[in-house]
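First the structure, in the form of structure tokens, and then the observations on it.
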Amino acid sequence: MVDIARVENEKMKSQLTGLRRAVIQADPTVIVDGRFEKMMTAPITVIEIARELLESLAPRAN
């Protein structure tokens, strides 16, 4: 059971890393405006930052 939790934890970390890269690629200003530090210190914030980025891009798509 411990191995399953460890594997899932590593999988989650890998997915968050990929999402962080996508966020940086979509909006490079995250590196200089403090959001990058938030993503590094609390990796789960990558989800929140990605959501905010998608919401800000949505009006442009119309």
Could you check Lys13 against Leu16 for side-chain contact (heavy atoms from CB on, under 4.5 Å), going step by step and ending with a plain yes or no?
CA-CA 5 Å; Lys13 286 180 182 180; Leu16 288 172; 5.9 Å; no
Between Ile49 and Leu19, is any pair of side-chain heavy atoms under 4.5 Å apart?
no
Decide yes or no for Val7 and Glu10: does some side-chain heavy atom of the first lie under 4.5 Å from some side-chain heavy atom of the second?
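No - every pair of side-chain heavy atoms lies 4.5 Å or more apart.
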Quick one: do Met40 and Ile47 end up in the same hydrophobic cluster if we chain Ile, Leu, Val, Met, Phe, Trp and Tyr together by side-chain heavy atoms under 4.5 Å apart?
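Linked, Met40 and Ile47 end up in one cluster.
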Between Ile44 and Ile24, is there shared hydrophobic-cluster membership here, with clusters defined by ILVMFWY side-chain heavy atoms closer than 4.5 Å?
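Yes, because Ile44 and Ile24 connect within a single hydrophobic cluster, where side-chain heavy atoms sit under 4.5 Å apart.
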Mind checking what makes salt bridge (charged side-chain N to carboxylate O under 4.0 Å, His left out) contact with Glu8, not counting sequence neighbours?
none
How far apart are the closest heavy atoms of Met39 and Arg20, and which atoms are they?
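Distance-wise, the nearest heavy atoms are O-NH1, 3.6 Å.
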Looking at every heavy atom in both Val23 and Ala50, which two are closest together, and how far apart are they?
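Looking at all heavy atoms of both residues, the shortest contact is CG2-CB, 3.8 Å.
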Which side chain to side chain donor-acceptor pair (under 3.5 Å) pairs, counting each pair once, include a residue from residues 25-35, with sequence neighbours left out?
Asp27-Thr29, Asp27-Arg35, Thr29-Arg35, Asp33-Arg35
If you look only at pairs with a residue in residues 36-52, which of them pass as a salt bridge (charged side-chain N to carboxylate O under 4.0 Å, His left out), with sequence neighbours excluded?
Arg51-Glu55
